[in-house]
Protein chains: 2
Amino acid sequence: MNELADLTDEQREQLLHTRRRAIESIGKNMDLYGITLSIGHLYGNMYFNQEPVTLNEMSEAMGLSKTSISTGMRTLHDLKMINKVWGKGSRKDLYEVEPDWHQNFSDFFSIKWRKAVEQNRSALRKCMKEIETLEEQYSEDAVFMKVLEHDRLKMQESMKYYKWLERLIDSFENGDIFTLIPKEE
Amino acid sequence: MNELADLTDEQREQLLHTRRRAIESIGKNMDLYGITLSIGHLYGNMYFNQEPVTLNEMSEAMGLSKTSISTGMRTLHDLKMINKVWGKGSRKDLYEVEPDWHQNFSDFFSIKWRKAVEQNRSALRKCMKEIETLEEQYSEDAVFMKVLEHDRLKMQESMKYYKWLERLIDSFENGDIFTLIPKEE
DNA sequence: TAGAACGTACAGTTTAAACTTTACGTACTG
DNA sequence: CAGTACGTAAAGTTTAAACTGTACGTTCTA
């Protein structure tokens with residue numbers, strides 16, 4: 001269970017103390033991924049573990065109920081930030097952090113941003129259709145037409161942005177971004 | 001005050017009904033920017049306005065207290081998603097949406113992600129220093145050394161990612177991203 | 001200079017999120 | 001086939017966030 005069992009008490013103490021700063025910082029800044037502080041800490045605590053962890057282990061380590069850890073793990077798993085591992089003879093679920101953070105980042109954008117962009121594009125498309133219908137209907141009414149044109153132009157501008165964003169997300173998804181901005185300097 | 005005053009009741013009705021889908025969608029998906037749903041709606045409602053709006057106008061339009069609108073406006077302003085405008089003879093604060101969404105996106109990353117990356121890098125740097133000190137101290141202890149090395153390698157990997165991410169953020173901030181992925185297809 | 005309009009700090013209230021406890025379905029074990 | 005361990009759904013509780021109402025400082029107006 002405890003991969004630090006072979007260390008002396010003093011060593012374990014020093015190690016955990018040293019790790020803490022990194023764990024706290026990583027966990028805290030995961031709100032960027034829309035993740036709550038305690039789930040961020042969960043991830044941070046898993047970060048240094050060499051071996052995959054179980055629900056019970058993390059529950060005990062963090063002083064949270066097993067249910068909380070369970071839902072936290074699912075959240076992290078949905079975002080592909082941790083992996084479910086099939087371990088030896090254990091019938092417990094085992095989890096470990098996905099070590100490739102570049103991949104992490106890409107997945108996050110694919111999952112979250114792609115969905116949002118598609119929803120907004122769809123809504124804008126429908127809205128523009130309706131505006132165009134109104135423009136046909138009221139083509140004689142100069143005052144109304146001016147307002148309608150304003151709305152249409154505004155949405156066309158937004159559409160341009162969304163198309164650009166989709167190409168950016170594409171580049172994350174297919175890895176082209178790492179040609180444009182290489183992993184190694 | 002009301003830029004739609006010159007329209008007939010029917011026209012205004014149709015227009016607002018048509019706009020609503022876009023407003024809802026835009027507002028809803030702003031949780032990606034760490035923004036609450038109602039502030040997202042505030043932004044969505046401002047989106048179509050041709051003229052800058054005041055606190056009172058939006059308060060009435062959204063059925064929220066002026067205080068709520070005030071704090072919402074500040075949040076949006078901090079993220080540079082809206083601009084404070086100095087209008088004619090009015091002494092009310094006037095706000096309008098920043099129309100350049102590419103710029104919006106860049107600013108968001110500069111503000112939010114840059115800070116997080118710097119914090120994490122700083123924490124990791126300190127943590128690595130301490131690990132190295134321990135490695136000197138316990139250089140004879142093979143068991144402990146193995147654990148320490150594992151931690152150090154893990155953090156070095158993370159540092160690579162953060163350096164990459166900083167270069168990505170740089171490209172947003174200085175606009176290079178729009179050379180790599182052009183606004184126009 | 002008194003009075004009104006404006007934006008926001010602050011304290012209090014309501015609503016939503018996080019977390020726990022209990023209970024249940026499933027899959028191993030003897 | 002009972003008995004046990006495991007993960008999670010569901011309901012209940014606690015904690016935090018969102019929102020409101022009041023009050024105050026500032027700035028403009030008469």
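Because only heavy atoms are used, hydrogens play no part in the values below, and waters and symmetry mates are left out as well, while side chains stay in. In what follows, chains are A, B, ... by sequence order, proteins preceding strands, each numbered from 1.
What separates CG of D31(B) from P of dA17(C) is a distance of 11 Å, to the nearest Å. Distance, D93(B) CG to dC28(D) P: 12 Å, rounded to whole Å. For the pair M58(A) CE and dG7(D) P, the computed distance is 14 Å after rounding to whole Å. The NZ atom of K84(A) sits 11 Å away from the C1' atom of dC6(D) (whole-angstrom rounding). Here the C1' atom of nucleotide dT20(D) and the CG atom of L55(B) are 15 Å apart, to the nearest Å. Rounded to a whole Å, the CE atom of M62(A) is 14 Å from the P atom of dA18(C). If you take CD of E57(A) and C1' of dC6(D), they are 14 Å apart, rounded to a whole angstrom. At whole-Å resolution of the value, NZ in K92(A) and P in dA27(C) are 19 Å apart.
If you check residues 64-80 of chain B against DNA chain D, the residues with a heavy atom closer than 4.0 Å are L64(B), S65(B), T67(B), S68(B), listed by number. For the segment residues 36-47 of chain B, residues with any heavy atom less than 4.0 angstrom from an atom of DNA chain D are, sorted by number, T36(B), S38(B).
More than 12 heavy-atom neighbours from other residues, nucleotides or ligands sit within 6.0 angstrom of CD on Q137(A).
With F172(A) as reference, F109(A) is the one residue of W113(A), F109(A), F178(A) to meet the ring pair (Phe, Tyr, Trp, His ring centres under 6.0 Å) rule. When Q14(B), H17(B), R19(B), R21(B) are each tested for a side-chain hydrogen bond (donor to acceptor under 3.5 Å, both in side chains) with E130(A), only one passes: R21(B).
Side-chain polar atoms of E173(A) and S110(A) form a donor-acceptor pair below 3.5 angstrom. Between Q119(A) and N29(B), the side chains place a donor N or O and an acceptor N or O closer than 3.5 Å (distance only, hydrogens not considered).
Between Y162(A) and R121(A), the closest heavy-atom pair is CB-CG, 3.6 Å. Taking both residues in full, the closest heavy atoms of H102(B) and W164(A) are given as CE1-CB, 3.6 Å, listed atom of the first, atom of the second, then distance.
A donor-acceptor pair under 3.5 Å is formed between the side chain of E3(A) and the backbone N or O of Q50(A).
The side chain of R91(A) sits closest to dC6(D) out of dG7(D), dC6(D), dA4(C).
Connection of I111(B) to I169(B) is not established within any shared hydrophobic cluster, with ILVMFWY side chains joined at heavy-atom distances below 4.5 Å, either directly or through further cluster members.
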